[in-house]
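Encoded as structure tokens, the structure appears first; notes follow it.
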Amino acid sequence: MIDIKKIRNSPDIIREGLIARGLPGNTVDSLLTLDSRRRTLLQDTESLKSRRNTVSKEIGQRRKAGDDIGETQRQMREIGDRISGLDREVAEIEKELHEKMVWIPNIPHRSVPRGSNEKDNEVVHAVGESKELSFDPLDHIALGERLGLFDFGRATRMSGSGFPLLIGQGAKLQRALIGFMLDMHVRQHGYTEVWPPALCTSEAMTGTGQLPKLEEDMYRLPEDDLYLIPTGEVPLTNMYREEIIEQPLPIQLTAYTPCFRREAGAAGRNTRGLIRVHQFDKVEMVKFVEPSTSYDELQKLLVDAEDVLRALELPYRVLSLCTADLSFAAAKCFDIELWCPGQDDWLEVSSCSNFEDFQARRAGIRYRTKNGKTDYVHTLNGSGVALPRLVVALLENNQQADGSVRIPDPLIPYMDGCEILRATGETPAKQP
RNA sequence: GGAGGGAUGGCUGAGUGGUCGAAAGCACCGGUCUUGAAAACCGGCGACCUGAAAGGGUCCGGGGGUUCGAAUCCCUCUCCCUCCGCCA
């Protein structure tokens with residue numbers, strides 16, 4: 001949520017921010033109209049309440065003294081009616097204002113490149129080189145089938161299209177990567193490991209900004225009014241929902257979670273294989289920081305995510321998303337994309353975002369400043385990183401001419417010493 | 001799922017329909033004392049909205065009601081605890 005005071009005091013900045021995102025700027029004016037109406041009514045009702053409070057106190061005293069208070073009570077009854085009328089009006093306006101406000105996205109940071117579509121995203125840097133393969137690379141689907149790592153046909157039979165089913169060394173590779181990434185963030189980057197719920201309430205979803213805009217992209221359980229999380233960001237960020245954090249900042253959390261997305265409207269493109277699925281897994285990082293430090297923390301977060309890819313020696317690039325491609329709640333965002341030779345394309349495996357106080361306002365996450373006041377924290381999150389695209393990149397980049405796949409060194413202990421994935425001719429592949 | 005009990009400030013915990021935003025303790029901040037620290041003592045210490053300010057208003061789990069006036073009475077929802085049942 002944007003601070004209504006900020007809209008009130010510098011409407012031009014907000015208007016510009018909305019326009020940069022390709023939205024109509026005049027939304028600001030309808031918000032301002034409601035806001036000023038609200039404050040006018042508030043002053044009316046509050047001055048009546050002030051009078052009621054004083055007179056009610058007097059009534060108490062006069063009754064004790066034995067005075068006749070019948071007439072005063074009658075007057076106060078009338079004032080009470082006027083107050084409830086005004087309060088109702090205020091409540092209506094506040095509801096209307098709130099309903100509008102939850103649809104307003106965050107304002108892009110000034111360093112965000114302006115653009116009208118994803119082509120305007122800026123490449124910040126690229127790391128690692130795509131190995132020149134002396135043979136025609138297979139894609140991960142062909143590789144996985146030959147190696148017996150997964151089985152999409154059987155997955156479809158039990159769950160419909162778009163669900164991964166990993167088997168044998170495929171399942172183990174997934175688990176190895178999760179363990180490897182969590183260990184790295186905990187041991188080297190100073191995050192606290194968390195194992196959160198995978199279902200969250202609509203309040204939590206609103207807090208991080210998934211609702212109301214992304215309602216259609218989420219799985220919902222109507223019986224219980226719960227949603228399956230589309231990202232670990234939701235439970236991790238909501239851990240401090242409606243709290244004044246008294247412990248020192250920053251707080252850094254990491255978690256493995258499954259993620260669920262309906263991908264409504266995404267049918268057709270990339271629906272084969274592991275690239276776009278309804279259920280996937282992710283190691284997520286979330287930070288709660290002091291506002292003045294949040295852009296430094298964003299750089300560190302990005303490096304924490306990049307470390308995973310550097311350790312695995314995978315070629316990647318970092319993009320600074322332009323104003324048009326920025327997600328709803330983000331003020332600034334870096335995407336990390338892996339080069340996948342079998343796709344002949346880049347695949348997004350991480351978004352590292354600074355939400356500034358946008359989520360903190362929605363979720364009521366505050367901290368204690370040095371002078372004892374409360375203020376909203378800044379929240380950040382980034383994937384560190386997303387599976388199973390990491391598996392795709394690993395298979396496609398590390399494939400060898402005979403169709404086997406080399407396991408990167410740091411992962412070998414997590415694979416119980418297995419250095420190369422080889423075809424066994426069996427499905428499911430027998431594990432060594 | 002059934003029965004009973006509870007929800008008060010960062011924490012513990014008093015609270016009679018009016019003088020309660022709320023005792024007390026802890027924690028925290030400032031000061032005195034001390035070479036320094038601890039202890040002791042003194043003082044301060046909730047959040048939010050509104051207002052240029054002075055000030056005003058709201059909040060005792062959420063929502064609704066009774067009343068001139070509600071933390072306190074009534075209804076309802078949620079959550080927590082105990083016991084029983086079921087269960088990985």
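Values reported hereafter were calculated over all heavy atoms of this structure, with side chains retained and with hydrogens, waters and symmetry mates removed.
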Distance check, [atom1] atoms only: [N] and [M], in whole angstrom units.
{"N": "A40(B)", "M": "U76(B)", "atom1": "P", "answer": "50 Å"}
{"N": "A70(B)", "M": "G57(B)", "atom1": "P", "answer": "13 Å"}
{"N": "U58(B)", "M": "C74(B)", "atom1": "C1'", "answer": "23 Å"}
{"N": "G61(B)", "M": "G55(B)", "atom1": "P", "answer": "29 Å"}
{"N": "G15(B)", "M": "G1(B)", "atom1": "C1'", "answer": "36 Å"}
{"N": "G62(B)", "M": "G9(B)", "atom1": "P", "answer": "10 Å"}
{"N": "A27(B)", "M": "G51(B)", "atom1": "P", "answer": "40 Å"}
{"N": "C29(B)", "M": "C83(B)", "atom1": "P", "answer": "40 Å"}

Would you indicate what [X] reaches in the nucleic acid, counting non-hydrogen atoms under 4.0 angstrom: base, sugar-phosphate, or nothing?
{"X": "Arg88(A)", "answer": "nothing"}
{"X": "Lys5(A)", "answer": "sugar-phosphate"}
{"X": "Ser47(A)", "answer": "nothing"}
{"X": "Arg38(A)", "answer": "sugar-phosphate"}
{"X": "Thr72(A)", "answer": "nothing"}

For RNA chain B, whose closest nucleotide is more 5', that of Arg368(A) or that of Gln43(A)?
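On the 5' side of the pair lies Arg368(A).
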Taking the nucleotide of RNA chain B with the nearest heavy atom to each, does Arg52(A) or Leu42(A) sit closer to the 5' end?
Leu42(A)
Mind telling me whether Tyr191(A) and His189(A) have parallel, tilted or perpendicular rings, with 30° and 60° as the class edges?
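Perpendicular.
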Whether Phe358(A) and Phe328(A) hold their rings parallel, tilted or perpendicular, with breakpoints at 30° and 60°:
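Plane angle over 60°, so perpendicular.
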Could you tell me which nucleotide pairs with [N] by Watson-Crick or G-U wobble geometry, both distances under 3.5 Å, or answer none if nothing does?
{"N": "U72(B)", "answer": "none"}
{"N": "U82(B)", "answer": "A3(B)"}
{"N": "C28(B)", "answer": "G44(B)"}
{"N": "U16(B)", "answer": "none"}

Tyr376(A) to Gly364(A) - nearest heavy-atom pair and separation:
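That would be CE2-CA, 4.3 Å.
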Regarding Tyr240(A) and Arg366(A), is there a side-chain donor-to-acceptor distance under 3.5 Å anywhere?
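Per modelled atom types, Tyr240(A) and Arg366(A) side chains form no pair under 3.5 Å.
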Where chain A begins and ends its contact with RNA chain B, read 5' to 3' at 4.0 Å from heavy atoms
G10(B) to G69(B)
Are the charged groups of Arg8(A) and Asp3(A) less than 4.0 angstrom apart, N to O?
no
Are Lys332(A) and Glu356(A) within salt-bridge range, i.e. N to O under 4.0 Å?
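Looking at Glu356(A) together with Lys332(A), the answer is no, because their closest N to O distance does not fall below 4.0 Å.
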Among Asn121(A), Leu301(A), Leu302(A), Asn354(A), which one satisfies side chain to side chain contact (heavy atoms under 4.5 Å, CB included) with Phe334(A)?
Leu302(A)
Just do the salt bridge (Lys or Arg N to Asp or Glu O under 4.0 Å) check on Glu92(A) and Lys95(A) with the steps written out, would you?
CA-CA 5 Å; Glu92(A) 267 169 43; Lys95(A) 191 174 163 225; over 6 Å; no
